[in-house]
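To start, the structure itself, in structure tokens.
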Amino acid sequence: MNDVSRATAGGPARDAPAIAQGRTAGQRTPLIDGVEKVTGRARYTADLPTGETLVGRILRSPIAHGVIRRIDTAAARSIPGVRAVITGEDFAAPYGVIPIARNEWPLARGKVRHRGEPVAAVAAIDETSAEAALAAIVLDIEPLPAYFSAAAARAADAVQLHENKAGNIEREVDQAFGDVDAGFAAADLVRERTFHYAEVAHGQIELNAAVATYEPERDRLTTQSVTQVPYYLHLTLARCLGMDSSQIRVVKPFVGGGFGHRVEPLNFELVTAALARAAGGTVKIELSREDGFLTHRGRPETDIRLKLGMKKSGAITAVDCEIVQRGGAYGGYGLVTILYAGALLHALYKVAAVRYHGYRVYTNTPPCGAMRGHGAVDARHAFESLLDIMAGELGLDPFAARRANLIVPPYRTLNDLQVNSYGIPDCLDWVEQASGWKTRRGKLPRGRGLGLACSHYVSGSAKPVHWSGEPHAVINLKLDFDGGITILTGAADIGQGSSTLLAQVVAEVLSVPLARIRVIAADSALTPKDNGSYSSRVSFMVGNAAIRAAQEMKRVLVTAAAKRLEVHPEDIEWNGDHCRVAGTDRTLDFAGAVDAALVDTGTLTVKGSWSTPPETQGGKFRGAAVGSTAGFSYAAQVVEVVVDEDTGAVAVERVWVAHDCGFAINPLAVEGQVQGAVWMGMGQALSEETQYHEGLPLRPNMLDYRVPTIVESPPIEVKLVESRDPLGPFGAKEASEGALHSFAPALANAICDAIGIRLTDLPASPDRVLEAIQARKRRERLRASIGVSAQPDPERH
Amino acid sequence: MERMPQFDLRRPASIAEAAALLAAEPGARLLAGGTDLLPTMRRGIERPPVLVDLGAVRDFSRIDFADAGLALGAGVTLSQLAMDGRIVHHHRAIAEAARSVAGPGHRSAATIGGNLCLDTRCVFYNQSEWWRATNHYCLKLGGDVCHVAPQGSHCHAAFCGDLAPALLVLGASIELCARRGARVIPLSDLYRDDGVAHLALEPDEVLVRVLVPARSPALVSGYRKARARGAIDFPLAGVACALVARDGVLAELKVALTGTNSRPILLAGTEALVGRGIDEATLSALGKLVQKQASPMRTTVTQSNYRRQVAAALAQRLVRELAGYEPSAARASMS
Amino acid sequence: MTKRLLALTVNGRMREDAVAANLLLLDYLRGTAGLTGTKQGCDGGECGACTVLIDGQPRLACITLAAACEGRVVETIESLAIEGRMSRLQQAFHEKLGTQCGFCTPGMIMAAEALLRRNPRPTDADIREALSGNLCRCTGYVKIIESVQAAAGG
């Protein structure tokens, strides 16, 4: 069902050995930590044995927007068993993952800006005392007008949430590339549509939790948490607690998914640490599912107005887009999100001119943030939907409309993004053939339809949010007397399989079996700094660092072996378990090579590092770094749906997806990532949405936040296209986000094919679909009653 | 999330003992499968001082087929109902309703008695203590405003049990036991149109058995449930139907709804359709009956108007399918 | 609050523990018995991560009272390994990538275990039905279904 094509364009990775089919890289490899997961032995944060531990609890604001007049904690402090009570005053600095937007306190200070914002916290010997203490804290908050929609927050007379942000605009983006007006003038067809997208949430199954231990005698803090970004957490702990960062250790245990919820330091992690310091011991906080929805950081509610100009050939002559995002109460990744939406809107195709206007708006709702497919998912739906609408009007097949706009790499997009490999043509060919598009589309019974869409995503941001000039990724390798190789990496495996991938990469370069390799990951006392698992950066960046580290280790081993065998290093044929003097039968086994290497230096440690080349880091205009990457992944998918016109229910019958991952280092894991991405796109497209009642989340649970079940989840057939990116490790690119974006538009296009109705709002929940069906019936009745001759419904394209 | 409130747990060995405990302990609640009560206790909604665990009561989960009909112990689990071949064959609506509840982990614990006595649900009610306090509580619990209809003085929380409509169309009655004795009432008399107090049970009464009368072999029944996902969800609307069709004419017809009102309702007026052919006009009339009597309010995150419309659509489809009027429609996530 | 003595069998071992009436089976297993393989993913009965077997039936430990398990046989993910080796289901979930982050996995495997004991040759529809109460956020379920099929021998 799933296979890999390995014959597409692109040469071998720079600095990497050319491999047709690696011994380990390229092999379907179960996760190296899979045994722990299936046996229940894997310890997640809430599972950690912690010894004598205090219970931490957080008090949340009932007020959506207000000035904190007083927080009286005296009564709480006097309750027996209570060991610490803290407020915003107990922190040294505010935080925020973007250095220029640090406007959030771990516990609110001065103002509260959304219902559920943490305002105080306690640590006590047991839950009963902790809850009694929370109940004893007296909040005096003077309410201010609160805004739950972007439009309300942007109203002329709206009170500002943040002093320095007039009009409650966190970030306005105004970009233009090429001659947009000329582009529209040159078009054969110009169309404009508006779209609306509900806010969605990550819904990782593991609940948030953190454990922190403070040692007063040493002024040292150890935090273990559910984070995707242990090092950002480390930096933020130091900043917010006012501690020297050398006194802090952050350890990431097993993490039960993230999807972006955990790609910035979160308040509860900082609060747990502050409580531990205040109490002088170990504190554990376990949050509820509801707490997760109050912490949020999901994909924002979004409105899009999109206008495209198109030639009869399908070539896109101009793009004009306005996007408004309801960002929630704090900055978080917000300005990156609004920039991503514009940067990735058009860079999938060769486009002549683009104007983009984006507004990120502060509102009194939980802060939004990065979610899988960060910033670009809703814009992709709008773009691919309008592309289909216009192709229909021009009589073009949806495949032809995409093929009219393909890029030929190497290519520099209008907004200065570098494209070095581009597997879309192969992706299109495969999904067209696999889905039976040519023979089936247009011939299916009413209610059944096929839809196509394309997408792309970055393999790591070419400039990290904490731009320090350091390498983007560093790997340390240790080889000792035992012959075991230990990979030390800061990369946070949160289930995507990054530790497995790194082990494969090192094993491949050194030609040793995976069994010889151990991975120690994400412990700041042991492992080199890594920026974390976000923007699909790990395979690409850390993978490249791992190749370099392994190459360095191989060089040392080969040199040592050559010395032991009394030949030149270039005479050594390295084969991992044995090496041989070329053309002879003189060999040295791995243990001998290790022995030879350790004689002079003792324990062998080597390092590999990697940085994105400057030409991939984007242009010079403001915000140009967002969207820049060393390698774009690409995807195309066809979705087949059945729409029940009586109930509005949409069933996804099958999905065919082709994903250009450059090279599949672990085809098993890549398939899993692609399937997971497509499916998460389906959740957003069909059933998932948050909703608020005066700023209170109405769906803060897994009943009403409707993550799809296994019952309605379709077979997802995956084709891995390997374009061999010149910069990727063995040619590899990202695999876990790119295919998400194209699901929703492919679904919308399929629904339109099935019943002739164009849905411009997501999710396509049964109530929305039925409403659209009935609206059409009303239009048809109206037309019939006023005697308009039967015309095709203009929606049907 | 709050901790579980504290309570005393009793484990009676008989129904009589359970009824005596209920009578002696004001505010005591029965615990069977716990799949409804325990989540609400975890949210601080229910804080009973005493829980009477029926897990040790003997003969509480028996299924008896007799000439007079089917007798189901109130402790029969939903998975028993869903998998019992006789029920699937003779009382399909019951099996389909049981099978549509939540997931297998719920169904192996949840009981028919518990499902019939399910609390009503509302998006302003099934929330944490912090949430409800922040929202100033509601008419159903602790407050004086219904957030669904703030002008009114009526709680609109919706009954969402899947079994009740199936049993209503089959003419079921229930046996209630109290210390002073037992009584048998029609199932429809169990319910009141009041979201706060929708069960017409005395505080010390225990639902012991569900009795389904023997019916003509020609009677066919079924249950259809509208929901956003293929599992887990409560019904946005649920429709049960039992009918006899002879030569394309309805000889008997009962339809019941759940998820739309504060009680499950046996649709009134279906007798007017008896004797009519199963055609579009009849189905349209049925749809109108459903739309008129279903009165969903904004108690779920899904639009109430949708719930009304889909109830009608499912009723029409179910009658068509049961009467063999036309093959069932294409697969969709409705089940 | 007074505690009562609870006697039950957990993973083949008879246990007696003093438990409070309001102790959930989930907290009993994770806290009292130290079996942290059983996970909590929601605020009660919504996600299936805590699925265990009670007398062979799949049950949600987060909405089950420990005290109500008097005399019963409880099995968790930790019980499945045979002589220290993974069971067929565990092996299949590992090799077929039925697990990514792993958090839903114990509950998912226990629900599948209940299925395979009852129905050793399940169809695709049987598998979907049996796992319908277990949410996974990583896999899209495709490889979970493949894993159960593989464990069932085909």
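To find a chain, count down the sequence lines: A is the first, B the second, and so on, and within it residues start at 1.
Heavy-atom distances place the side chain of C/I109, and not its backbone, under 4.5 Å from chain A. Looking at C/T105, the atoms closer than 4.5 Å to chain A (heavy atoms on both sides) all sit in the side chain, from C-beta outward. Neither the backbone nor the side chain of C/L35 has a heavy atom closer than 4.5 Å to any heavy atom of chain A. Both the backbone and the side chain of A/Q673 come within contact range of chain C, with heavy atoms under 4.5 Å apart. The part of A/V255 that comes within reach of chain C is its backbone (N, CA, C, O), which places non-hydrogen atoms under 4.5 angstrom from that chain. Interface remark: A/R41 contributes no atoms to any contact with chain C (heavy atom separation under 4.5 Å). When heavy atoms are compared at a cutoff of 4.5 Å, A/L703 approaches chain C by way of both its backbone and its side chain. Only the backbone of A/P714 comes within contact range of chain C, judged by heavy atoms closer than 4.5 Å.
We find that A/E36 and A/R43 are not joined by a salt bridge, their nearest charged nitrogen and carboxylate oxygen being 4.0 Å or further apart. C/R30 and A/D47 are joined by a salt bridge, as a carboxylate oxygen and a charged side-chain nitrogen come within less than 4.0 angstrom of each other. A/R706 has no carboxylate O lying under 4.0 Å from a charged side-chain N of A/E712, or vice versa, which leaves the two without a salt bridge. Ion pairing of C/R137 with A/E688 is present here, as a side-chain N (NZ or NE/NH1/NH2) and a carboxylate O approach within less than 4.0 Å.
Using cut-offs of 30° and 60° for the angle between ring planes, the A/F293 and A/Y705 rings count as tilted. Ring orientation note: the planes of A/W679 and C/Y141 are nearly perpendicular, at an angle over 60° on the 30°/60° scale.
C/M110 places a side-chain heavy atom less than 4.5 Å from the side chain of C/L80. Two residues are said to be in side-chain contact when any heavy atoms from C-beta on lie closer than 4.5 Å; A/Q204 and C/F103 fail this criterion.
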Quick one: do A/S536 and A/E737 satisfy side chain to side chain donor-acceptor pair (under 3.5 Å)? Show the steps, please.
CA-CA 7 Å; A/S536 284; A/E737 302 194 68; 2.9 Å; yes
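Counting heavy-atom pairs closer than 4.5 Å to chain A, the top-ranked of the candidates C/M108, C/E78, C/K39 is C/K39.
Applying a 4.5 Å heavy-atom cutoff, the residues of residues 89-97 of chain C that approach chain A are C/Q90, C/F93, C/H94, C/E95, C/K96, C/L97. Using non-hydrogen atoms only and a strict 4.5 Å limit, no part of residues 52-71 of chain C faces chain A.
With A/S533 as reference, A/Q496 is the one residue of A/Q228, A/K252, A/R262, A/Q496 to meet the side-chain hydrogen bond (donor to acceptor under 3.5 Å, both in side chains) rule.
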